[in-house]
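All figures in this text were calculated on a predicted structure; none of them were measured in a lab. Scope of the values below: all heavy atoms of this structure, side chains included, with no hydrogens, waters or symmetry mates.
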Amino acid sequence: MNTPKDDHSVTGSPLMCLEFIVIQTIIWGFLLHILSYFLELFVIMPLSDYLKSLSPFIPGLYYALKLFAWPGVMITALVITIIRCILRRTTVTLSGSTVIIQRPRHTDRLAVTDFIRPKTVESYVSVRFAAWVFRKRYLIFRGDTGKEVKYRLYEYSEKDLEHVTQLLTRVTRTENLDEDYRTEVIMDAFQNKTEIRLDPRRLWGRMAGRLTMFCVFSLTVFIVFTCLYYSLLFAPGRYGSGSALTQIAGCVSVLISLGSLFLLCRSLWALAVGAVQKSSCPQKIIFAGDMLQIDQSLYNINRIQQIVMNPPDKKLPLFGHYQITVITTDGRHKYWLGNHAGLAYGTWRTLCRNMQNLLIACPARLIYR
């Protein structure tokens with residue numbers, strides 16, 4: 001079966017970029033501040049009269065020196081860090097059977113069959129009771145000489161690396177499948193129709209019931225510990241000059257109240273999102289040959305550009321929900337399937353397995369997020 005070439009790109013996490021900018025700005029600001037101290041001590045002060053005589057002829061000299069004085073060093077460090085972040089920004093693109101690792105100054109093109117494994121290297125920096133963990137993430141490929149070659153993925157989170165790995169391993173596994181087996185899967189899909197029926201009212205009812213119970217529990221905890229805190233606060237002579245144990249109980253009450261309030265808001269938000277999206281829950285999903293049917297909508301494999309689903313091997317938390325997004329030439333079509341309280345985990349894995357068989361000839365179009 002001839003299919004068009006599929007391109008899928010994964011870039012670094014914006015939060016990882018922000019973390020890099022913050023940490024590196026502090027480090028570079030500290031180093032530049034030390035440098036400015038030595039410049040002022042050994043260069044600027046001995047040559048102050050000479051530099052003042054040059055200032056009318058070099059107007060930018062005054063501002064250049066300010067860049068190495070507080071708080072100019074932080075602005076300088078921020079600019080340096082942003083430029084570094086732009087120059088090392090990495091994009092991994094899967095184009096057919098080629099993996100493209102691209103940076104603004106360099107591009108590597110590798111065969112997907114040469115992919116070996118991902119790798120995360122951790123280094124620790126500790127100062128007394130404080131410790132920092134720095135992680136470097138790589139993709140390891142087989143080089144021309146057969147040796148392993150590491151390619152750094154800058155500002156990639158663990159989730160981004162897992163996303164790239166799942167994509168590459170699934171494509172590699174499919175590329176290495178026996179041609180007879182692949183043909184057998186495709187022929188079986190044409191001869192046997194698979195139908196998965198869902199009950200939207202049951203899915204929403206179980207999810208809403210579980211979340212409502214969680215809302216009641218969170219609200220009860222919030223009220224109880226808030227009342228406990230105010231009873232300690234306004235009780236004469238107990239909180240202000242009371243024992244350390246009483247003050248600790250007051251602080252713990254505040255923390256538990258805030259935590260329960262956050263969980264209450266999160267549960268209400270999940271209920272609101274589910275109430276809006278439950279109308280897109282399908283009643284039936286049918287796999288027949290190279291056709292995917294969701295309710296009355298038919299999607300031919302040649303029209304499908306991408307299908308985005310939750311991973312089959314990862315159970316969702318209470319606040320999450322299963323979702324299928326079918327991206328075609330006509331646009332994006334999203335379908336809500338409730339959460340694990342209503343949809344059996346085995347049903348979701350069956351759905352994912354049938355989706356993999358549907359796209360067995362073009363596995364890069366199936367994305368797990």
Quiz item: Got Val10 and Leu153 here, is their nearest side-chain heavy-atom distance under 4.5 Å?
Solution: no
Exercise. Mind checking the CG-CD1 spacing from Asn354 to Ile286? Nearest 0.5 Å is all I need.
Key: 12.0 Å
Quiz prompt | All pairs passing side chain to side chain donor-acceptor pair (under 3.5 Å) where residues 329-338 contributes a residue, at least two apart | solution = Tyr299-Tyr335, Arg303-Asp330, Thr328-His333
Self-check item: Minimal non-hydrogen separation, Leu161 against Pro118, with atom names
Solution: CD1-CB, 3.9 Å
Self-check item: Min side-chain heavy-atom separation Val92-Tyr151 under 4.5 Å
Solution: no
Practice problem: State, with a plain yes or no, whether a side-chain heavy atom of Gln283 is found less than 4.5 Å away from one of Arg201. | Solution: no
Exercise. Might you work through the side-chain contact (heavy atoms from CB on, under 4.5 Å) test for Arg89 and Cys17, ending with a clear yes or no?
Key: CA-CA 9 Å; Arg89 181 174 175 81; Cys17 293; 4.2 Å; yes
Practice problem: For the pair Asp295 (side chain) and Lys284 (backbone), establish whether a donor and an acceptor sit closer than 3.5 Å, ignoring hydrogens and angles. | Solution: yes
Quiz prompt | Close side-chain approach of Leu139 to Tyr156, heavy-atom, < 4.5 Å | solution = no
Quiz item: To the nearest 0.5 Å, how far apart are CG in Leu211 and OG in Ser218?
Solution: 10.0 Å
Self-check item: Leu261 side chain reached by Thr226 side chain, heavy atoms, under 4.5 Å
Solution: no
Quiz prompt | Whether over 12 other heavy atoms sit under 6.0 Å from Phe225 CZ | solution = no
Exercise. Check Asn310 against Trp348 and note the closest heavy-atom contact, atom names and distance.
Key: O-CZ2, 3.3 Å
Practice problem: Following the transitive rule for hydrophobic clusters with a side-chain heavy-atom cut-off under 4.5 Å over Ile, Leu, Val, Met, Phe, Trp and Tyr, establish whether Ile75 and Phe20 coincide in one cluster. | Solution: no
Practice problem: Give, for atom CH2 of Trp204 and atom NE2 of His321, the distance between the pair rounded to the nearest 0.5 Å. | Solution: 11.0 Å
Exercise. Carefully, step by step, assess Arg152 and Arg103 under the rule side-chain contact (heavy atoms from CB on, under 4.5 Å).
Key: CA-CA 11 Å; Arg152 176 82 179 271; Arg103 300 186 187 93; 3.9 Å; yes
Quiz item: In terms of hydrophobic clustering (I, L, V, M, F, W, Y; side-chain heavy atoms under 4.5 Å; direct or indirect links), are Val149 and Val164 co-clustered?
Solution: yes
Practice problem: Calculate, to the nearest 0.5 Å, the distance between atoms CE and CG belonging to Met291 and Asn302 respectively. | Solution: 10.0 Å
Quiz item: Are Tyr322 and Val273 in one and the same hydrophobic cluster, where Ile, Leu, Val, Met, Phe, Trp and Tyr link if side-chain heavy atoms are under 4.5 Å apart?
Solution: no
Practice problem: Might you work through the side-chain contact (heavy atoms from CB on, under 4.5 Å) test for Cys215 and Leu271, ending with a clear yes or no? | Solution: CA-CA 10 Å; Cys215 287; Leu271 274 172; 4.0 Å; yes
Exercise. Please report the C-alpha distance between Val254 and Leu258 in whole Å, then the side-chain angles of each, then the deciding distance to 0.1 Å, and finally whether the side-chain contact (heavy atoms from CB on, under 4.5 Å) criterion is met.
Key: CA-CA 6 Å; Val254 172; Leu258 293 176; 4.0 Å; yes
Exercise. Report yes if the side chains of Glu148 and Arg117 come closer than 4.5 Å at any heavy-atom pair, otherwise no.
Key: yes
Practice problem: Establish whether Val22 and Tyr154 are linked, either directly or via other cluster members, by ILVMFWY side-chain heavy-atom contacts under 4.5 Å. | Solution: no
Quiz item: Are Ile301 and Ile307 co-members of a hydrophobic cluster defined by side-chain heavy atoms under 4.5 Å apart?
Solution: yes
Self-check item: salt bridge (Lys or Arg N to Asp or Glu O under 4.0 Å): pairs with one or both residues in residues 262-276, sequence neighbours excluded
Solution: none
Quiz prompt | Side-chain heavy atoms of Leu292 within contact of Phe287, under 4.5 Å | solution = yes
For residues 77-87, dump all side-chain donor-acceptor pairs below 3.5 Å to protein atoms at least two apart in sequence or in another chain.
unit_1: Thr81; atom_1: OG1; unit_2: Ala77; atom_2: O; d: 2.7
unit_1: Arg84; atom_1: NH1; unit_2: Gln24; atom_2: OE1; d: 2.9

Self-check item: Shortest non-hydrogen contact from Gln306 toward Val308
Solution: OE1-CG2, 3.7 Å
Quiz item: At what distance, to the nearest 0.5 angstrom, does CZ of Arg105 lie from OG1 of Thr107?
Solution: 12.0 Å
Quiz item: Is the number of heavy atoms from other residues, nucleotides or ligands under 6.0 Å of Glu158 CD greater than 12?
Solution: no
Exercise. Measure the spacing between CD1 of Ile140 and NZ of Lys147 and express it to the nearest 0.5 Å.
Key: 15.0 Å
Quiz item: Quick check: are there more than 12 heavy atoms from other residues, nucleotides or ligands sitting under 6.0 Å from CZ of Arg109?
Solution: no
Exercise. Determine whether Arg137 and Met16 make a side-chain contact, defined as any pair of heavy atoms from C-beta on separated by less than 4.5 Å.
Key: yes
